[in-house]
Amino acid sequence: MKQRTIWMVYLTIGFLSICLLSQGCKKNVDRRIVIDYIYVNKTGHDFEMLVFNANKTKIRSYFIPNEGQIISHTSQSEVPCVLHFDDDIEMIGDSVIIRFDDHRCLCYSRHHGEDPHGDRIFDCTKYDNYSEELLSKNAFSLYFTFTEEDYNTSTLVRKAGKVNRTQWARMENQH
């Protein structure tokens, strides 16, 4: 009788342990979303999109013809990661220069402007199709369109075949 009682106690303890461990060992997996970042050119001009890291090293370059578009990268993360090409900090975009075919440029910086995300290209909420509903999906594309208005705000950095060195130096220091 004593053996039966001991056996039942161990069986009960074992059963309760299995139940508790199975509850405590559930995986807490964060949902990862897959996002394609698509950049569209509606400026009326061909341009090159140059992406630099925080050390001012060019990490990516894309040619986007007028009326064309490119997919810069696809991220797989818990939140949108604009211009994050890899987990390595050296592969995170910190500034972007749009260099038009007629020697005009636009500069964007992650640490510039009033917005905590920086200039609009670094803020996914400023992308054309961004919505909270979109973030609930497992995979989607975010579109950013460069318009004629963007072109009109660009700066001329070359005049009559000569580089406007003052403006170019200012742009270099901005990014």
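This chain uses plain numbering: 1 for the first residue, then up along the sequence.
Separation of the Phe146 and Phe144 ring centroids falls under the 6.0 Å cut-off. Between Tyr151 and Phe100, the distance from one ring center to the other falls under 6.0 angstrom.
Contact record, Pro80 with Leu135: CG-CD2, 3.6 Å, taken as the closest heavy-atom pair. When all heavy atoms of Cys105 and Val157 are compared, the closest pair comes out as SG-CG2, 4.0 Å. The two residues His84 and His73 have their closest heavy-atom pair at O-CD2, 3.3 Å.
The main-chain N or O of Ser154 is never found under 3.5 Å from a side-chain atom of Asp150 such that the two would form a donor-acceptor pair. At distances below 3.5 Å, not a single donor-acceptor pair connects side-chain atoms of Arg99 with backbone N or O atoms of Phe47. A donor-acceptor pair under 3.5 Å is formed between the side chain of Thr147 and the backbone N or O of Glu149. Side-chain N or O atoms of Asp128 include one that pairs as donor or acceptor with a backbone N or O of Thr145 at under 3.5 Å. Although no hydrogens or angles enter the test, the distance criterion places a donor-acceptor pair under 3.5 Å between the side chain of Arg32 and the main chain of Gln76. Using modelled atom types, one side-chain atom of Asn53 and one backbone atom of Lys56 make a donor-acceptor pair closer than 3.5 Å. A donor-acceptor pair under 3.5 Å is formed between the side chain of Asp46 and the backbone N or O of Asn66. No donor-acceptor pair under 3.5 Å is formed between the side chain of Asp36 and the backbone N or O of Thr74. Between the side chain of Asp119 and the backbone N or O of Ile121, no donor-acceptor pair lies under 3.5 Å.
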Decide side chain to side chain contact (heavy atoms under 4.5 Å, CB included) for Ile33 and Phe140; before the verdict, give the C-alpha distance in whole Å, the side-chain angles of both, and the deciding distance to 0.1 Å. CA-CA 8 Å; Ile33 50 180; Phe140 57 89; 4.2 Å; yes
Could you walk me through whether Glu148 and His45 pass the side chain to side chain contact (heavy atoms under 4.5 Å, CB included) check? CA-CA 9 Å; Glu148 190 174 336; His45 298 269; over 6 Å; no
Check against side chain to side chain donor-acceptor pair (under 3.5 Å), Glu90 and Asn55: CA-CA 8 Å; Glu90 294 296 318; Asn55 295 328; 3.0 Å; yes
Would Leu134 and Leu142 satisfy side chain to side chain contact (heavy atoms under 4.5 Å, CB included), going step by step from the backbone distance to the final call? CA-CA 9 Å; Leu134 192 66; Leu142 279 175; 3.8 Å; yes
Can Asn129 and Ser131 be said to form a side chain to side chain contact (heavy atoms under 4.5 Å, CB included), step by step? CA-CA 6 Å; Asn129 63 323; Ser131 70; over 6 Å; no
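In the hydrophobic clustering (ILVMFWY side chains linked at under 4.5 Å, chained through shared members), Tyr143 is joined by Ile38, Val40, Ile71.
From Ile97, atom CD1 reaches atom OG of Ser61 across 11.0 Å, with rounding to the nearest 0.5 Å. To the nearest 0.5 Å, atoms OG (Ser141) and CD1 (Ile35) are separated by 9.5 Å. Taking OG of Ser109 as the reference point, atom CZ of Phe122 lies at 6.5 Å (rounded to 0.5 Å).
Every side chain to side chain donor-acceptor pair (under 3.5 Å) that Glu67 has, sequence neighbours left out, goes to Lys42. For Lys58, the salt bridge (charged side-chain N to carboxylate O under 4.0 Å, His left out) criterion is met by no residue, not counting sequence neighbours.
No side-chain heavy atom of Leu83 sits under 4.5 Å from any side-chain heavy atom of Tyr37. Counting only heavy atoms from C-beta outward, the side chains of Tyr62 and Glu48 never approach each other to under 4.5 Å. When side chains are defined from C-beta on, Ile64 counts as touching Tyr39, because their heavy atoms get closer than 4.5 Å. Looking at heavy atoms from C-beta onward, Val82 lies in side-chain contact with Cys124 at the 4.5 angstrom threshold.
If you chain together hydrophobic residues whose side chains sit under 4.5 Å apart, Val96 and Ile92 never meet in one group.
No cation-pi contact links Arg120 to Tyr108, judged by a cut-off of 6.0 Å to the six-membered ring centre and 45° from its axis.
If you run side-chain hydrogen bond (donor to acceptor under 3.5 Å, both in side chains) between Tyr130 and each of Lys126, Glu133, Glu132, only Glu132 comes through.
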